[in-house]
Amino acid sequence: MNSFESILATITPTSGPTREILDPATGDVVGSAPIHTVDDLDRAVAAAASAQPAWAALGHAARSETLLRAADAIDAAAEGLAELLSREQGKPLNGPNARFEVGGASAWLRTAAGTPLDAQTVVDDGTTHAVMSYRPIGVVGAIGPWNWPMMITIWQIAPALRMGNSVVVKPSEYTPLSVLALVAVINEVLPAGLVTVVSGDREVGARLSSHPDIGKVMFTGSTATGKAIIRSSADTVKRLTLELGGNDAGIVLPDADPTAIAEGLFWGAFINTGQTCAALKRLYVHDDIYDEVCTALTAVAETMPMGVGIDEQNVLGPLQNQAQFDIVAGLVEAAKASGARVLLGGNPVADQPGYFYPTTLIADIDNDNPLVAEEQFGPALPIIRYSTVDEAIAMANSVEVGLGGSVWSSDVAKAREVAARLETGTVWINAHGAVHPMIPFGGSKQSGYGLEFGVEGLKALGVPQVING
Ligand code: NAD
């Protein structure tokens, strides 16, 4: 089951209602997804609940060995998975896109499998002996977005499985095939019922987040949906990890070298054509080097080809759906109407197939402009001028979300001082958005709570238990 065609055949429903999934770059049919219901969800939860005890009883070593074989299965199917992902999500095969995402899924699974989490003796003083360890939660629900559907599904399910849980996955309505395919591949290795994908709508997501037999929800998506999940999970006191929206700021200090940082700034903002939670979405540049940074960034952006994802030369793709296209187009139009200066793009071609929005850079824009204040989630970067570092930090911190941020400078010590003043879960120095399977990742403020990755990420998928005595 390694080619695009064979993977698609495996996940194409043979009965029940289906709907067609269209390629956002061409409008062509990619395949058919099942329309699962709340009853299907209940059946998946029951299967997960019955598969979980035997999986937990295997112990860490045997589970890890099985998960490493699941990562091997992803690697063996990588090219077919990447093609499906590219056709359904729109992201190119090449660049930090579809192949990169499938490779990341495998790498994160391997790291979750191989990371030890030993019991911790917290007090042992001769009179008291207390040890803390982590028991499985039971059935975990995983609800994901459409921007990095395979990678984020693995971020949710790998630590859950490693810690002895079973999982029911509810993918985005926009990208169900990618998640169905990924799970079909790992299910070649995993016990039956342990991981099930329920390809339903918001109603299915709402049921999952209130289901009495689900102990934890891993959610990645918008802040608005995260708040709905907090409410609907309250009656069953579910544990939650919420990775929500972001509006990350990057601050370029006056001592930065514009040419040296231009490519890093570009990919920080435009990875996955801007449809990334922790992408650079507001760029603050000191007055002294503002024009040089605008010129250097425009020069890099002009060289990056955008087009149909399976054409190897492209590194930028379409927006994934019409709604996202409309959001980006509306924000850029409002910015133009306010008098902001278009350095590049801002002029989508009408009547072409696909949701292509050109790479757009907007200069001389106010901090309260909607393109700055709201999450654009697309290829349109506002560049805001500042004159003091205090002013830049105040503007960076002026939003309700706080996922990531970055500081760009030739003086790393000075950049770290500025970084410590940003109200975000992560701050990168001279980079933006790079994630690592051993480095904890999570939001502050309304970007959510809970950490993913590394040891902290494993702990989040267990219930701490202290044995005192
Ligand atoms: P979304 O919130 O619209 O949808 C996410 C998922 O939630 C979908 O599967 C959807 O069906 C489901 N859902 C919708 N209503 C629900 C409800 N009431 N109960 C339970 N589930 C429900 O998000 P999206 O548009 O798919 O993704 C884009 C957003 O995700 C952006 O804001 C982006 O910043 C954010 N995001 C965050 C991270 C992160 O790590 N913090 C990563 C990727 C994306």
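The shown structure was predicted, so the numbers you read here are calculated from the model rather than taken from an experiment. Just follow the structure's listing: the first ligand is 1, and inside any ligand the first atom is 1.
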For ligand 1, indicate whether the residue P171 contacts it via side chain, backbone, both or neither (heavy-atom separation under 4.0 Å). backbone
Determine whether R99 and E79 satisfy the following criterion, salt bridge (Lys or Arg N to Asp or Glu O under 4.0 Å), listing intermediate values before the conclusion. CA-CA 7 Å; R99 290 191 185 106; E79 192 62 15; 3.0 Å; yes
For ligand 1, the portion of I229 having any non-hydrogen atom under 4.0 Å away: side chain
Any idea which atoms of ligand 1 are less than 4.0 Å away from a heavy-atom of K170? 8 (C), 9 (O), 10 (C), 11 (O)
Contact with ligand 1 for S447, non-hydrogen, under 4.0 angstrom: no
Taking both backbone and side-chain atoms of E375, is any N or O found less than 3.5 Å from an N or O belonging to ligand 1? yes
Applying a 4.0 Å heavy-atom criterion (strictly less than), which segment of Y174 is in contact with ligand 1: side chain, backbone, both, or neither? neither
Heavy-atom contacts with L403 under 4.0 Å: which atoms of ligand 1 show up? List them by number with element. 41 (N)
How far is atom 23 (O) of ligand 1 from its nearest protein heavy atom, and which residue and atom name does that atom have? S222 N, 3.3 Å
side-chain hydrogen bond (donor to acceptor under 3.5 Å, both in side chains) assessment of T276 paired with W148: CA-CA 8 Å; T276 298; W148 292 88; 3.1 Å; yes
Do any nitrogen or oxygen atoms of F441 come within less than 3.5 Å of a nitrogen or oxygen of ligand 1? no
Are any of the N or O atoms of G144 closer than 3.5 Å to those of ligand 1? yes
Which one holds for L208 and ligand 1: side chain close, backbone close, both close, or neither close, with close meaning a heavy atom under 4.0 Å? neither
Looking only at distance, does T220 have an N or O less than 3.5 Å from an N or O of ligand 1? no
List the closest protein heavy-atom neighbour of atom 36 (N) of ligand 1: residue, atom name, distance to the nearest 0.1 Å. C277 CB, 3.5 Å
Taking atom 22 (C) of ligand 1 as the reference point, the nearest protein heavy atom with its distance: T225 CG2, 3.4 Å
State the atoms of ligand 1, each with its element, that fall below the 4.0 Å cut-off from a heavy-atom position in F377. 28 (C), 31 (C), 33 (C), 34 (O)
Report yes if E173 has an N/O atom closer than 3.5 Å to an N/O atom of ligand 1; otherwise report no. yes
Of the protein's non-hydrogen atoms, which lies at the shortest distance from atom 3 (O) of ligand 1, and what is that distance? R202 NH2, 3.2 Å
Show the atoms of ligand 1 that are less than 4.0 angstrom away from any heavy atom in G245. 32 (O), 34 (O)
Ligand-residue contact atoms, ligand 1 with G246, heavy atoms, under 4.0 Å: 34 (O)
